[in-house]
Each structure stands twice: as structure tokens, then as C-alpha cells.
> 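The structure's right below; bear with me while I get my questions together.
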Amino acid sequence: MKLTIHEIAQVVGAKNDWSQLADLSVNKIEFDSRLIEKGDIFLPLKGARDGHDFIEIAFDNGAIISFSEKEVEQAHLLVDDNLLAFQKLAKYYLEKTKVPVIAVTGSNGKTTTKDMIAAVLSKKFKTYKTQGNHNNEIGLPYTILHMPDDTEKLVLEMGMDHPGDIDFLSELAKPELAVITLIGEAHLEHMGSRENIAKGKMGITAGLHGELIAPADPIINAFIPDNQKIIRFGLPGEDLFITKLVEHKEKLTFETNFLDESITIPVPGKYNATNAMLAAFVGLHYGLSEAEIKKALKEVELTRNRTEWKKAKNGADLLSDVYNANPTAMRLILETFQAIPKNENGRKIAVLADMLELGPSAAQLHKDILKSIDFNKIDKVYLYGEMMKNLAEISTDKAVSYFTDLDLLTESLSADLKPTDQVLFKGSNSMKLSEVVEKL
Ligand SMILES: N#Cc1c(NC(=O)c2cc(S(=O)(=O)N3CCOCC3)c(Cl)cc2Cl)sc2c1CCN(Cc1ccc(O)cc1)C2
């Protein structure tokens, strides 16, 4: 990140007298104190804990300055709202660096499409893309401020938890090209109706100053702004569509109405062919040759284990969120999971495993999770790991069971699972809950 302390102070309108601080260049910005390195700026956020509690530790780890919403003894930039300052800084940084943004959203496939677009553009440009699930009002500014100094194209995934989220992200990032992969099913996005989902995703046009690539699905038609240049994809006859598709076990070859070459991708699934078709079109839009596009897609590396719903053998819905095993992410995914309507006669089950590397306050941070579990919504809680013992010991509810052995957890859950259940899995990757999901 190429910014200095005085420059940041001016951009965010810091209220304290920062002029006495040395105008040093800042290395990078972090809100997780464990990631702070020498020369970084710390961003205290109100997650499961108030980030201000970790300012001292951030300086121990090498921070030279911190945002703060209150006077603190360490060198700081005093602002009313740290998150707002973070977002203002990201918007400024994009304006200053003038890096073009390609924005991607959609109910499913946005991560795959983001990865494929980045893989294609990387053949010709220094391209940076959203990492993991950093697609919300915290993750998107984080991605912008973490892009390498020589970035030429930035591919940003935009996620939506609530109506208006994407309008905000689009206004911040000002994309020159936007892609909507598809408008999904309402019940898995607690957005009420498909119309609301369509309206929400079309928020991507709020800050768009270029073309929109969107599905032929007529549900979005009501939300297309006047004189918005739009390219539609899907069924034959649309601007972009697949003309031939041959699926193999681990790969897929397809042809389109706009490419001479056929394209092969290393994953099956017609929806992946559509995602690749969109990436190919974006490649053409930026002047790549069909050969370059073909090569990029043939070897694309896709983000594995995205946070998406899977089906168990018995039909139960499984949601495994393998990202960000920190107290805030655990709280947020529990809130999201609890907000989704249950299946008919179905139960909600949460399988929570240890969050690792949480330092001295790890035990308390695991106990704090109890505050995020709503036993009126969650029917059963399976806890797994040494640290989750802290949570097991303080939860009196009979819905809670505790395991130290992964096989016993798997057997017990498998025996109990009903076809109408919804199950959430969350914990550090090394706790191997993904293996439990695979077995179910
Ligand atoms: N609350 C809290 C903590 C963290 N939260 C986050 O990193 C965080 C994660 C998320 S997130 O949900 O993971 N996320 C971020 C990127 O975009 C997608 C969503 C969010 Cl939205 C907000 C926050 Cl504040 S990281 C962290 C804590 C509290 C403990 N910290 C380690 C530590 C423990 C003990 C110590 O003495 C010192 C440090 C690490």
C-alpha cells in the first residue's frame, strides 16, 4: 500500500493533532492483530470483541499507528467510525491509483467466475482478485488496500447480506465492467423474494461507469437503469450463449456463439461452463486472443471449499464455512445460519470446532460464542476440540453435545441426521470438519 500517515489522516479527516506524527510510509493495514507486521497500521473493528482492546498487542507486533474512535496513548488517528474511515481510504486509494475494477456478483458462481476472470486477465495484465470470502463491506476495502503496487486490473467479488449492500460496494469501487452470474433461489439468501435478490444484485450498477453483463432472466429487467449498456447471456438467441457442451468426469469442453475456439475447463458442471463463458467474454473485452483465453481457462485454479450449501446423501442441507476461523466470522455465520428459514419439519444443527491461534484469551473467546447461539432457532449443537470444551462447560442447554474425537462426532451426527435438517459446520481448517462433510 503506497500511503503515508499524513496522507491517510487527511483522507479520513482525523480529528486529533496528527501533524506531530512523523509522516512515515505505512506498510499495510490489518484488523486482525495477529497479522500485524512492522510498519503496519492497525484498524480496530467491532467484531466479536472491540478491536480497540487489541491496539496494544498490535503495537507489540510492530504497528506504527492505529485508527481509533477514542483517545489512546499509542500513536493514532482519531475518527468517529473506524470502518467508515477504512472504506473512505479504500475509495481514495482506487481513485489515486486509477486501477480499473471488474466487479462480480451473483447468487452462486460469483467466486468461480471471479477466479476465472482473474485467470484470463492475468495472461495480459498484472491482476489482483478478492481472496477467500472477502467480499463484504470489510473484505472489499481490505482487498483494495492489499492489492500489489503494480496491479493493472482488480477483480472484486461483491457479496450481499442485506439489500443495499451491493449498491454501497459499487459506489465505493466504481467498476468499469460488472458481471452478474445468476439470480438464485430466495430461501437460501434470506432476502425474501427473488425480486429482492434481483434488485439487490442490480445494485452493482450504482457505481458502474461501463457495461453490465447479466443473465437473460427477465426478473432483472425492472431494475436496469436507463441507458445502461447491457449484455445478456443464457439461452440461444441471447448475446452470449453456449452452443455445444461435452461433459467429462473431471473436465468439460464447450463452444459458444461468439468464440471460434472450443474451451476446456478442469471442472464439470454446466454452470461452470457458463461462468467460463463470461470470463472468456471479459477476456475478449480487454483484448486477449482466443488462444490466451483458452489457455488460461484450461489450467484455472479454483478457490476450493467455498462457503456454499451442499447436499448430504440423505438430502440434508449442509453449509460448511471454511473461511476466517476467528470469533467474528463464527458469530456472523451463526447469525446468518439462524436467520435462514428452516426446511419443513426440519431442524437446525450447528457443528462448531476450535478456532486456533487465538492467543491468551482463546478460552474466553470460545466461551463468548455462547452469546451468538440462539437456542430457540438451533435445535442441536455439536462442539468439537480442546478449546470448545470451554464452551461446552458453560452451556447448560441439553441441545449441546461435546466431542474430542472426530470419528465419534461423525458417527453421532450421521446417526442423528434427518433429510430435512440444515447443518452448519464452522471451525479452523485444521479441525478437519470438511472430512465430516465429505462423509455425510
Ligand atoms: N473479535 C475478534 C477478532 C477478530 N475478528 C476479525 O478478524 C474479523 C473478521 C471478520 S470476517 O467475518 O472474518 N471477514 C473479514 C473479511 O471479509 C469477510 C468477513 C470481520 Cl467481518 C470482522 C472482524 Cl473484526 S480476529 C481476532 C479477534 C480477537 C482475538 N485476536 C487474536 C488475539 C487473541 C488474544 C490476544 O491476546 C491477542 C490477539 C484475533
Side-chain angles (χ1 to χ4, degrees), residues 28-37 40-63 66-69 74 81-87 89-90 104-105 110-111 114 128-147 156-162 165-166 168-169 172-173 303 305-308 319-339 352 354-372 387 390-391 424 426-429:
K28 61 183 170 66
I29 187 166
E30 298 295 350
F31 50 79
D32 180 338
S33 58
R34 293 170 295 181
L35 302 178
I36 288 282
E37 294 169 324
D40 286 0
I41 179 168
F42 182 55
L43 176 74
L45 290 177
K46 292 192 176 55
R49 283 291 192 80
D50 180 348
H52 289 89
D53 297 346
F54 300 95
I55 288 179
E56 189 175 346
I57 292 155
F59 275 78
D60 295 346
N61 293 346
S66 176
F67 282 103
S68 183
E69 294 172 1
Q74 294 87 351
D81 181 326
N82 290 345
L83 177 56
L84 198 58
F86 182 44
Q87 293 162 340
L89 188 61
V104 185
T105 192
K110 56 183 176 289
T111 301
K114 172 261 297 179
Y128 188 64
K129 67 176 182 180
T130 298
Q131 306 293 304
N133 69 338
H134 286 192
N135 61 18
N136 66 5
E137 79 281 358
I138 289 171
L140 181 128
Y142 184 86
T143 304
I144 291 167
L145 290 167
H146 276 249
M147 70 178 164
L156 292 179
E157 183 180 319
M158 295 186 174
M160 175 171 74
D161 290 329
H162 308 95
D165 282 1
I166 292 183
F168 174 79
L169 298 177
L172 192 160
T303 311
N305 290 330
R306 292 175 296 290
T307 304
E308 57 185 10
L319 177 65
S320 86
D321 174 7
V322 295
Y323 290 111
N324 324 108
N326 60 66
T328 314
M330 180 82 77
R331 169 195 266 187
L332 291 172
I333 195 71
L334 274 166
E335 285 168 2
T336 300
F337 181 62
Q338 287 164 167
L352 307 176
D354 286 4
M355 299 174 285
L356 302 178
E357 297 131 32
L358 283 182
S361 47
Q364 186 54 51
L365 289 164
H366 281 80
K367 290 179 183 171
D368 290 351
I369 297 296
L370 188 61
K371 289 179 264 185
S372 301
M387 295 312 298
N390 293 287
L391 178 53
L424 166 70
K426 180 74 181 175
S428 289
N429 283 342

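Both counts, for ligands and for their atoms, begin at 1 and track the order of listing.
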> Please output the residues near ligand 1 using a strict heavy-atom distance under 4.0 Å, listed in chain and residue-number order.
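Protein residues near ligand 1 are Phe31, Asp32, Ser33, Arg34, Leu45, Gly47, Ala48, Arg49, Phe54, Ile57, Asn133, His134, Asn136, Ile138, Gly139, Asn324, Asn326, Pro327, Thr328, Ala329, Leu332, Leu358, Pro360, Ser361, Leu365.
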> Determine which pairs satisfy salt bridge (Lys or Arg N to Asp or Glu O under 4.0 Å) with at least one residue from residues 50-60, sequence neighbours left out, and list them in order.
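Output for this query is empty, none listed.
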> Are Tyr142 and Phe31 an aromatic pair, judged by ring center distance below 6.0 Å?
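Centroid distance Phe31-Tyr142: below 6.0 Å, so yes.
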> Which residues pass the side chain to side chain donor-acceptor pair (under 3.5 Å) test with Asn390, sequence neighbours left out?
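Checked Asn390 against side chain to side chain donor-acceptor pair (under 3.5 Å); zero matches.
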> Distance-only, no hydrogens or angles: does the His146 side chain make a donor-acceptor pair with backbone N or O of Ile29 under 3.5 Å?
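Between the backbone of Ile29 and the side chain of His146 there is a qualifying donor-acceptor contact (under 3.5 Å).
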> Assess the residue pair Asn136 and Asp165 against the criterion (side-chain hydrogen bond (donor to acceptor under 3.5 Å, both in side chains)); give the C-alpha distance rounded to whole Å, side-chain angles, the decisive distance to 0.1 Å, and a yes or no.
CA-CA 8 Å; Asn136 66 5; Asp165 282 1; over 6 Å; no
> Quick one: list whatever passes ring-ring contact (aromatic ring centres under 6.0 Å, His included) with His52, sequence neighbours left out.
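Partners of His52 under the ring-ring contact (aromatic ring centres under 6.0 Å, His included) test: none.
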